[in-house]
Amino acid sequence: MAFLKTRELTKERFSLLLLDLEEYYFEQHTAYHVTTSSNKERKVRGSFKVCSRSVIFDPEDVAEPILKIPLRDCKKIEFVEGERNPFNDPRPSVIAVSCVQAIYIKESNVIAPYRNERGAKTVTFQLEDLSKTEDVVQTFLQLHRASCLEKLGDQTAMIAAILQSRLARSSFDKNCFHSVAEKPHMECAVEMVLPLVSNPGHVCITDESLYFQPLNGYPEHVIQIKLHRVRRIYKRRHGLRPLGLEVFCTENDFCSDIYLKFYKTADRDEIYYYIATFLENHVTEHTAESYMLQWQRGHLSNYQYLLHLNNLADRSCNDLSQYPVFPWVITDYTSPQLDLTNAATFRDLSKPVGALNKERLDRLLSRYRGMPEPRFMYGSHYSSPGYVLFYLVRVAPEHMLCLQNGRYDHPDRMFNSIGDTWKNCLDGATDFKELIPEFYGNDCSFLENQRNLGLGRRQNGSLVGDVVVPPWASDTSDFLQKHKTALESQYVSEHLHEWIDLVFGFKQKGSEALAAHNVFHPLTYEGGIDCDSIDDPDQRIAMLTQILEFGQTPKQLFTTPHPQRITPRFHNITRSPSSSSPDSELSPASQSEDSSFEDLTEESRKLSWANIGNLKPISNHKIHKEAVTGIAVTRDGAAIFSTSQDSTLKMFSKELKDFQRSMSFSNMALSSCLMLADGKTVVCSSWDNNVYFYSIPYGRRQDTLMGHDDAVSEMFWFDERLYTASWDSTIKVWQCPSDSSSSHKRSQFELLAELEHDAGVNTIGLNPAGTLLVSGCKDGVVTIWDTGSYTTLQQVSCHTGTIHHMAFSPDSRHVLSVGADSCMKVTDVQTGMVISSVKAEEEQRCFCWDGNSVLCGGQSGNLLLWNLLSNTVTQRIPAHSGAVTAMWMSELCSTVITGGEDRQIIFWKLQS
């Protein structure tokens, strides 16, 4: 289980979890616990541990209990000097501890609630190395003084000073380097963070490895992580301060290899940037947006995506106050069969747990309205250390005992039944908890009492044993399997973005949170309070303790609505019409059923894109006198037309491998061309503000459309409508019959709409269904339009300069744009969110894409193959000697034609 991956790597009975919260383990000495009974002395050998708030003795004989004496319960700690009288038996020096309470742990080597024995007693210890006895006593006297200070803040400050003094007197042992050739970069004092506890020591980073050496040598003398094994590193908030650093050597595991807390943010940042620089050439850095794109396109499962979001939002399995949070997704825990095709089976993911029960919510809102500032709706959080251990007590009993002062919770309040727990989350007055990743993993041990722990007896007389699973699961393993299937189901895939909006997104804070009934205590939010600004140390520690125990809201990752996942080839499962998408053209289910021919075409496209790196030039032809601006091809592929800044339209015969015709309509540059559906007319746009129609059969200009006040930059044709974009800041939509019998006279051009912009429109694109139009302007703004109503759906300031080219993905979910700022950006159509941004080495001028991969032409003349999911260039293909300015791709994506500033057109073919 991932949670237990972080447990100390030792088979010792002793664990840091035997310490109090915020306590440190300093050093250990081999010693004897000396007892006298009936004038007979008994010595038990073991490890005597010096801790900041307690004395702990761990016997070698596992049948003996571990003895813990809190320093606050000590009345006297003294060094009793040994007797050297030659007439009596020599008596060695001992440490005598007079106390009013002793705690016995793991009696008979069983994990169980601690036994507290109250009453005055003196406990005697004899160190094996007698010479250290007096020094150890002096250390304890100093720590005892700290524990007896009246104010908690003063206690903490004194212990911190003792710890820093110890760290300053020691340093990293460079004899621990794996290689004598290693070059150290820096070292500093840190704490290794584990669930509920931390271990002070020194970190040292070299050109090969990251090392941590515990001050106390526990659980091992040194921990080494080779830098070439590191896959991810994250800066963390720890105790609400930017001091944490977490290192992962795996890509998808949510449990890290080490979590370090630094004492200075500058030290943390220096090591972070040193590792980041080392990784720069080895590992791709992922953002929430890049993970979102992978998830939307089905390259990440719902489970993997939630893990990545948790990681990016400072959630860590090493910090129980910020443990990864997962949603409840099922509401049916009573049926004999689980029906994942029925929407009623699922929880409404658009609401927080506290808002799922209307009657309870009404009561909470009534209280909220009468509450003084700061107001909050929920008195407890959806994730806290107590809730995490509520779920995990069967596999992490020592963590529960540590958190609850050596006791388990009341048996009837324990995690006994999944169905009962869900019911309490729906109906309970103060229970709003979500789930943890383990509920969607493969290890069912957290649901089973495999260790036969004595967790108590319930009021009905039954012992607390395995967790009761719903009737639709045959056992715990079957429950996890079906629960995982539910998380990846169509309904959850279509609605998970709503839950992400609540927990990681724009409904986490502010007016949107209020409207969604998603308001928690202000202290739970990042930046809710600056603990360093509180002068009173007692108040500061009390505030910090309250925050850590109460739980923390994840770091906000998104400030605009999160896009929905793409779930093609499914029929929508919705609770009610109100929960379906308002834009039917955005929903895959609204598209018609694919025919077998279309399926075959789609498979051919996928195969072509999978092998797009095998694109090879077949021939190249210099047929223009200036840069090529547009390429159009007849349906049969026999004739290729190209436009150029030399003002000509040229026709090239594929069969004769030579250009056949050259036409000029004016003395100004032509900016683009397209082929009408009849296959007999080529339309050209010009910088002279006009659009020209050229008849292929008659070999002459057929008509001229004078529609703009500045250069026409690009055009699109769909269903007898012509869309023309211009530097006059407009797009105009014209009704134009495309049948060849028509004479295309200007009287037949009916202006349907004029779409105004704030700057010149440089490029436009239509989605495959013709329902959406996107425009890119010289000021870098992307606008998405509904072609039915000609209304604006989204407007995004996307680039810092002119947008060169843009296009919808085949599924119409995303728009890719490239601009003069050298950026490639993916914008989500549904939300207007820029979900991926890549800064290329040079300007990209034109491209073709399949939604995941991009074949683009750059300023240098090369063709670049980009993988948008990893934001990396996977291949560079030499092409033109100047910028690539035009690109055409066949329907099956197996043939490409490019044009460039070098006046050439190049024919490309996929090689099998």
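Heavy atoms only: backbone and side chains are in, while hydrogens, waters and symmetry mates are out. This is a predicted model, so every value here is computed, not measured. We number each residue from 1, following the sequence as shown.
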Original post:
With distance as the sole criterion, is a donor-acceptor pair present between the side chains of R845 and Q859 under 3.5 Å?
Top reply: yes
Original post:
So, does T787 use its side chain to make a donor-acceptor pair with the main chain of L773 at under 3.5 Å?
Top reply: no
Original post:
With respect to F278, which candidate in V230, I233, L227 satisfies the side chain to side chain contact (heavy atoms under 4.5 Å, CB included) definition?
Top reply: L227
Original post:
So does D758 have more than 12 non-hydrogen atoms from other groups sitting under 6.0 Å from CG?
Top reply: no
Original post:
Quick one: do the R565 and H495 side chains pair a donor with an acceptor below 3.5 Å?
Top reply: no
Subject >> Donor-acceptor under 3.5 Å (E246 side chain, S316 main chain) >> reply: no
Original post:
Do S817 and K825 have side-chain atoms, one donor and one acceptor, less than 3.5 Å apart?
Top reply: no
Original post:
Without hydrogens or angle criteria, can the side chains of Q322 and R236 be said to hold a donor-acceptor pair below 3.5 Å?
Top reply: no
Original post:
Regarding T831 and D828, is there a side-chain donor-to-acceptor distance under 3.5 Å anywhere?
Top reply: yes
Original post:
Just checking, any donor-acceptor pair under 3.5 angstrom between side chains of W866 and S853?
Top reply: no
**OP:** Tell me yes or no: between the side chains of E289 and S836, is some donor less than 3.5 Å from an acceptor?
**Re:** no
Subject >> Ring-face cation of K235 near Y272 (centre distance under 6.0 Å, axis angle within 45°) >> reply: yes
**OP:** Using distance alone, with no hydrogens and no angle criterion, decide if S383 and R315 have a side-chain donor and acceptor under 3.5 Å apart.
**Re:** yes
Original post:
Side chains of W609 and N852: is there a donor and an acceptor less than 3.5 Å apart?
Top reply: no
Subject >> Any donor-acceptor pair under 3.5 Å from N614 side chain to L910 backbone >> reply: no
**OP:** May I ask you to check whether H814 and W849 place their ring centers less than 6.0 Å from one another?
**Re:** no
Original post:
Side-chain donor-acceptor pair under 3.5 Å between K484 and N442, yes or no?
Top reply: yes
**OP:** Go through the steps for H483 and Y440 under the test ring pair (Phe, Tyr, Trp, His ring centres under 6.0 Å), then give the verdict.
**Re:** CA-CA 6 Å; H483 209 221; Y440 301 100; 4.4 Å; yes
Original post:
For residues S321 and Q552, is any side-chain donor paired with an opposing acceptor at under 3.5 Å?
Top reply: yes
**OP:** Indicate whether the side chain of H562 and that of D501 have a donor and an acceptor atom separated by less than 3.5 Å.
**Re:** no
Original post:
Side chain of Q294, backbone of L869: donor and acceptor closer than 3.5 Å?
Top reply: yes
Original post:
Do the charged groups of E526 and K509 touch, with an N to O distance under 4.0 Å?
Top reply: no
Subject >> Intermediate values then yes/no, side-chain hydrogen bond (donor to acceptor under 3.5 Å, both in side chains), S822 and E843 >> reply: CA-CA 4 Å; S822 300; E843 283 184 50; 5.4 Å; no
Subject >> Distance-only polar pair, side chains of T783 and Q795, donor-acceptor under 3.5 Å >> reply: yes
**OP:** Could you label the plane-to-plane angle of the W295 and Y305 rings as parallel, tilted or perpendicular, counting under 30° as parallel and over 60° as perpendicular?
**Re:** parallel
**OP:** To the nearest 0.5 angstrom, please state how far the CG atom of L855 sits from the SG atom of C893.
**Re:** 10.5 Å
Original post:
Taking the side chain from D786 and the backbone from T791, do they hold a donor-acceptor pair closer than 3.5 Å?
Top reply: no
Original post:
Is there a donor-acceptor pair under 3.5 Å between the side chain of Q508 and the backbone N or O of P554?
Top reply: yes
Subject >> Test: R232 cationic atom under 6.0 Å from F248 six-membered ring centre, within 45° of axis >> reply: yes
Original post:
With no hydrogens and no angle check, is any side-chain donor or acceptor of S890 less than 3.5 Å from a backbone partner on T895?
Top reply: yes
**OP:** Examine the side chains of S256 and N318 and answer whether a donor and an acceptor come within less than 3.5 Å of each other.
**Re:** yes
Original post:
Between the main-chain N or O of C777 and the side-chain N or O of N762, is there a donor-acceptor pair closer than 3.5 Å?
Top reply: no
Original post:
Do C255 and C317 have their SG atoms less than 2.5 Å apart?
Top reply: yes
Subject >> Distance-only side-chain donor-acceptor flag, H880 / T898, under 3.5 Å >> reply: yes
**OP:** Answer yes if the side chains of N302 and S493 hold a donor-acceptor pair under 3.5 Å, and no otherwise.
**Re:** yes
Original post:
Do T524 and T553 have side-chain atoms, one donor and one acceptor, less than 3.5 Å apart?
Top reply: yes
**OP:** With I784 as reference, evaluate V774, N767, V796 under the side chain to side chain contact (heavy atoms under 4.5 Å, CB included) test and give the passing residue.
**Re:** V774
